[in-house]
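We count ligands from 1, going down the list as the structure has it; atoms in each ligand are counted the same way.
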Amino acid sequence: MDVDDPLLVDDPAAFLAAHRGTDWAFRSRRGLEVLRYDQVWRFLTDRRLVPDVADLLAINGLGETAPGATGLSGMLSVHGRDHARLRGAAAAWFAPARVEEWRPFIRETCRELLGNPAPGTVIDLVTALCVPLPGLVFTKMVGAPAADAARLCAWSDSLLKVFLQDPAHRDEIIEAGQGLEAYVLSLLEERRANPGDDLLSAMLGRHEAGALTDEELIGVAAELLSASTDNTASQLGVTLMHTLADPARWQQLSAEPALAAGAAVEAERLTPRVGYINRKALTDAVIDGLAVPAGTWVRCSVLSGHHDETVFGDPLTFDPGRADQRRSLVFGGGPHYCIGAGLAQVEIEEALLYLTERYPGLRPAGPPGWIQSEVLMSLVSLPVRIPEEIHA
Ligand code: HEM
C-alpha cells in the first residue's frame with residue numbers, strides 16, 4: 001500500500017475503501033496496515049501485540065524521558081502486571097455504576113454552559129458546549145478548580161498531536177508536556193494537603209500504600225488529564241453534527257430519548273475521532289493466517305474497519321437504529337481498552353439528550369467545520385440557530 005499517495009491525505013476514507021475492497025491487510029513502509037473490521041478487532045485484542053508509545057515518541061523526535069513525554073507515559077506505555085497495577089489505581093472511578101452517577105452533573109453543566117440564548121440566536125456548539133464540557137467533568141472528578149478546564153483542553157490538544165507522527169509538532173508537544181507536568185505536581189500537592197472524595201486523592205492513597213512510584217503517579221495523573229478532554233469533545237461534536245443533519249432525526253430523538261445511545265455509537269462508527277490505533281508485535285505471531293514477525297508495527301484502521309462493507313450494510317449512511325451495529329473500535333480493545341470510554345459515552349448521551357429535549361426545533365445555521373485525516377477527526381465548528389420553541 002502506497003501510504004504516500006496524496007489521496008490518503010485528501011480523502012482517507014476513499015483511499016482505504018479502495019484497498020479494503022481487495023484485501024484485509026497490506027504491507028507498507030510503515031509496517032502492516034489492517035483494514036477490515038473483524039481483523040482490526042483481532043489485532044487490537046491479541047495480547048502478543050501492544051501499543052508502542054516509546055516508538056511513537058521517537059518518531060516525533062521525543063525521547064521517552066524527554067520533557068513532553070509526561071501525559072504520554074502512563075498506563076498506555078506499560079504492559080502485563082505493571083499495566084494492571086497502574087490501571088488498578090484509577091479503575092474503580094471508571095466502573096459503569098460510578099460513571100452513571102455523573103449524569104446529573106453533566107446535564108447541569110450543559111445547562112450552565114448554554115445558558116438561555118434567545119430564539120433566533122446563532123451559537124457554535126463546539127465552542128459553547130463540546131470543548132468545555134469534558135474538561136469541566138474531569139476537573140470535577142479530580143477535585144481541580146473548574147477554571148483550569150480550558151488549560152487542560154489546550155494541553156490535551158497539543159499532546160494528542162503525537163499521534164500525527166510529524167516531528168514538526170515536537171516543540172508544541174514538549175511545551176504542553178512541561179505545562180501539564182508542572183500543573184499535575186501542584187495539583188497533587190494541593191490534594192495531598194486537602195484530600196477529598198476525588199480521583200486524585202484516591203490515587204494518592206494508592207501511592208502512599210506503595211502501589212505506585214512517584215513517577216508513575218505523575219505519569220498516570222497527567223495521562224488521565226490529557227486523555228479526558230479532546231477526544232470526547234470531537235466525538236460529541238460529530239454526534240451532534242450527524243443527528244442535526246436531518247430535522248426528522250432530531251425530532252425523533254426529542255420524542256424518543258432511548259435512541260440517544262444508538263445515535264452516539266453510530267456517530268462513532270461513521271466518523272470515529274481516532275482513525276487508527278497502533279500495535280507492535282512483541283513476538284512472532286500468525287493472525288488470520290498472516291505471519292506477523294516480532295517488531296512489526298501494525299496500524300489497525302478504525303476508520304476503515306468502521307466502513308467495512310462486508311460487515312455494515314450501506315456503511316456510509318448514518319443510521320442510529322442499524323440492525324448490524326457492532327461494538328465500536330474507536331476506544332481500542334484488549335487490556336488497554338480506553339478506561340474513559342464509559343464516561344465519554346455518558347457525556348455524549350447526556351449532551352445529546354439535553355439539547356434534543358430542550359430544543360426540539362434546533363437546526364444547523366451553516367455547514368459544520370471539520371477536518372478528517374487518516375489519524376484524527378477534529379470538529380472545529382457547528383453553528384446552530386436557537387428555535388422559538390424552548391422547553392424547560
Ligand atoms: C470519545 C472519547 C475518547 C476516545 C475516542 C478515546 C480513545 C482511546 C483509545 C483509542 C485508546 C487506546 C486503546 C488501545 O490502545 O486499545 C485510549 C486509551 C486511554 N484512554 Fe481514551 N478515549 C476517549 C476518552 C477518554 C476519557 C474521557 C478518558 C479519561 C477520563 C480517557 C483515558 C484513557 C486512558 C487513561 C487510556 C489508556 C488506557 C490503558 O492503557 O489501559 N479516554 N482511549
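The shortest N or O to N or O distance between Glu223 and ligand 1 is not under 3.5 Å. Considering backbone and side-chain atoms alike, Arg87 places an N or O below 3.5 Å from some N or O of ligand 1.
Close approach to Gly333 involves these atoms of ligand 1, each under 4.0 Å from a residue heavy atom: 16 (O). Those atoms of ligand 1 with a heavy atom of Pro335 less than 4.0 angstrom away are 41 (O). Distances below 4.0 Å separate heavy atoms of Phe94 from the following atoms of ligand 1: 30 (C). The atoms of ligand 1 that sit less than 4.0 Å from any heavy atom of Ala344 are 1 (C), 2 (C). Near Gly332, the atoms of ligand 1 lying under 4.0 angstrom from a non-hydrogen atom of the residue are 13 (C), 14 (C), 16 (O). Remark: ligand 1 atoms within the under-4.0 Å shell around heavy atoms of Leu224 are 35 (C). Listed by number with element, the atoms of ligand 1 under 4.0 Å from a non-hydrogen atom of Leu76 are 40 (O). Less than 4.0 angstrom separates some heavy atom of Phe138 from each of these atoms of ligand 1: 30 (C).
In this structure, the protein non-hydrogen atom closest to atom 8 (C) of ligand 1 is Cys338 CB, 3.7 Å. When only non-hydrogen protein atoms are considered, atom 40 (O) of ligand 1 lies nearest to His336 ND1, 2.7 Å. In terms of protein heavy atoms, atom 34 (C) of ligand 1 is closest to Ile339 CG2, 3.7 Å. Atom 14 (C) of ligand 1 has its closest protein heavy atom at Arg279 NH2, 3.3 Å. Looking only at protein heavy atoms, the nearest one to atom 32 (C) of ligand 1 is Ala227 CB, 3.5 Å.
Distances from atom 6 (C) of ligand 1 to the heavy atoms of Asn231, Val53, Leu44 show the closest one on Asn231. Across the listed options Met377, Met75, His79, Glu268, Met75 owns the non-hydrogen atom lying nearest to atom 37 (C) of ligand 1. Between Val330, Thr232, Val99, it is Val330 that holds the heavy atom closest to atom 5 (C) of ligand 1.
Note on Arg107 versus Glu349: no salt bridge recorded, every NZ/NE/NH1/NH2 to OD/OE distance being 4.0 Å or above. Arg326 has a carboxylate O that lies under 4.0 Å from a charged side-chain N of Asp38, or vice versa, which qualifies the two as a salt bridge. Note on Arg273 versus Asp230: salt bridge recorded, some NZ/NE/NH1/NH2 to OD/OE distance being below 4.0 Å.
More than 12 non-hydrogen atoms from other residues, nucleotides or ligands lie less than 6.0 angstrom from CZ of Arg98. Residue-environment remark: CZ (Arg29) exceeds the threshold of 12 foreign heavy atoms within 6.0 Å.
Linking ILVMFWY side-chain heavy atoms closer than 4.5 Å, directly or via other members, places Val131 and Val380 in two distinct hydrophobic clusters. Ile277 is not connected to Phe163 by any chain of hydrophobic side-chain contacts under 4.5 Å among Ile, Leu, Val, Met, Phe, Trp and Tyr, and they are in different clusters.
The closest approach between a heavy atom of Gly334 and any atom of ligand 1 is not below 4.0 Å.
Residues Glu190 and Asn194 bring a donor and an acceptor atom of their side chains to less than 3.5 Å of each other.
Classified by interplanar angle (parallel below 30°, tilted 30° to 60°, perpendicular above 60°), the ring pair Phe94/Phe138 is parallel.
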Quiz item: Can you check ring-ring contact (aromatic ring centres under 6.0 Å, His included) on Trp155 and Tyr183, steps first, answer last?
Solution: CA-CA 11 Å; Trp155 285 323; Tyr183 176 75; 5.5 Å; yes
Self-check item: Intermediate values then yes/no, side chain to side chain contact (heavy atoms under 4.5 Å, CB included), Glu374 and Arg299
Solution: CA-CA 11 Å; Glu374 182 212 359; Arg299 288 170 75 97; 3.2 Å; yes
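At a 4.0 Å heavy-atom cut-off, ligand 1 touches His83 through the side chain alone.
Nearest heavy atom pair, residue Trp93 against residue Ala202, reads NE1-CB, 3.5 Å.
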